[in-house]
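All values derive from a computational prediction rather than experimental measurement. Numbers restart at 1 for each chain; the letters A, B, ... are given by sequence-line order, proteins then strands.
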Amino acid sequence: MKSEPEVFSFEDLLAAKGRRAFWDGVRNYQARNLMRDAMAPGDRVLFYHSNADPTGVAGLCEVVKGAQSDPTQFDPEDEHHDPRSDPLEPTWVGVTVRALAALPRFVTLADLKAEPRLAGMGCLARGNRLSVQPVTPKEWGIVIGLGGLAGKY
DNA sequence: GCCAACGTTGGC
DNA sequence: GCCAACGTTGGC
């Protein structure tokens with residue numbers, strides 16, 4: 001899952017109550033569908049800092065609660081307000097994640113690109129801008145290995 | 001359904 | 001700030 005650290009960083013998640021946060025603000029149907037249909041409590045998550053210096057994977061989380069209505073869609077004051085969303089059938093959802101551990105070594109995008117075993121990773125595909133996307137168990141193992149937590153999660 | 005215009009994402 | 005790539009909108 002990608003977040004701009006200036007908006008919400010992995011450190012912010014670590015500092016949050018219970019080290020957990022509701023992942024709001026997703027306004028892309030494909031990303032929404034992944035959260036709604038493909039994420040369940042216990043699933044592990046790589047927390048990626050986008051639009052940052054450097055960009056890359058900062059830490060590990062897990063899903064603690066599956067998809068729920070994203071309240072920001074109904075808040076006129078919120079930048080993610082969606083006036084077309086029906087409260088009885090909300091368009092947008094989010095999951096709740098909890099931080100597991102910061103990576104001892106931040107894994108930069110350059111690190112990911114330089115690792116031949118990650119050549120097929122979705123987030124490295126040309127033009128892929130999805131803020132939520134699947135990671136295979138194999139990719140997970142390689143990334144946390146690069147981050148200094150090989151075999152620990 | 002097509003497609004041009006526009007908006008957003010995100011690396012650099 | 002630039003720009004490539006992609007998504008969304010809306011006229012037709």
Whole-Å distance between [N] [atom2] and [X] [atom1]?
{"X": "A:E6", "N": "B:dG10", "atom1": "CD", "atom2": "P", "answer": "14 Å"}
{"X": "A:Y29", "N": "B:dT8", "atom1": "OH", "atom2": "P", "answer": "15 Å"}
{"X": "A:Q30", "N": "B:dT9", "atom1": "CD", "atom2": "P", "answer": "15 Å"}
{"X": "A:D82", "N": "B:dG7", "atom1": "CG", "atom2": "P", "answer": "17 Å"}
{"X": "A:H49", "N": "B:dG10", "atom1": "NE2", "atom2": "P", "answer": "13 Å"}
{"X": "A:N28", "N": "B:dT9", "atom1": "CG", "atom2": "P", "answer": "9 Å"}
{"X": "A:M1", "N": "B:dG10", "atom1": "CE", "atom2": "P", "answer": "12 Å"}
{"X": "A:E79", "N": "B:dT9", "atom1": "CD", "atom2": "C1'", "answer": "13 Å"}

Find the distance between [atom1] ([X]) and [atom2] ([Y]) and round it off to the nearest 0.5 Å.
{"X": "A:L103", "Y": "A:K152", "atom1": "CG", "atom2": "NZ", "value": "11.0 Å"}
{"X": "A:T55", "Y": "A:K2", "atom1": "OG1", "atom2": "NZ", "value": "9.5 Å"}
{"X": "A:D82", "Y": "A:D75", "atom1": "CG", "atom2": "CG", "value": "12.5 Å"}

Same cluster (ILVMFWY, side-chain, under 4.5 Å), A:F22 and A:V26: no
Phosphate OP1/OP2 of B:dT9 contacted by A:Y48 side-chain N/O (<4.0 Å): no
A:K2 vs B:dG10: side-chain N/O to OP1/OP2 distance below 4.0 Å: yes
A:F47 and A:W23 aromatic ring geometry - parallel, tilted or perpendicular at 30°/60° bounds: perpendicular
Mutual orientation of the aromatic rings belonging to A:W92 and A:Y29 [parallel < 30°, tilted 30-60°, perpendicular > 60°]: tilted
Side-chain H-bond candidate by donor/acceptor type, A:S9 with A:D12, under 3.5 Å: yes
Side-chain donor-acceptor contacts of residues 115-129 of chain A below 3.5 Å, not counting sequence neighbours, with atom names and distances?
from: A:E115; atom 1: OE1; to: A:R117; atom 2: NH2; distance (Å): 3.4
from: A:E115; atom 1: OE2; to: A:R117; atom 2: N; distance (Å): 3.0
from: A:E115; atom 1: OE2; to: A:R117; atom 2: NE; distance (Å): 2.9
from: A:N128; atom 1: OD1; to: A:L130; atom 2: N; distance (Å): 3.0
from: A:N128; atom 1: ND2; to: A:G122; atom 2: O; distance (Å): 3.1
from: A:N128; atom 1: ND2; to: A:Q133; atom 2: OE1; distance (Å): 3.2

Other residues, nucleotides, ligands: >12 heavy atoms within 6.0 Å of A:E11 CD: yes
Output one line per pair: protein atom, nucleotide atom from nucleotides 1-4 of chain B, and distance, for all N/O pairs under 3.5 Å.
none

Contact list for DNA chain C against residues 109-136 of chain A - heavy-atom distance below 4.0 Å: A:R126, A:G127, A:R129
A:N51 vs A:R84, nearer the 5' end of DNA chain C by closest nucleotide: A:N51
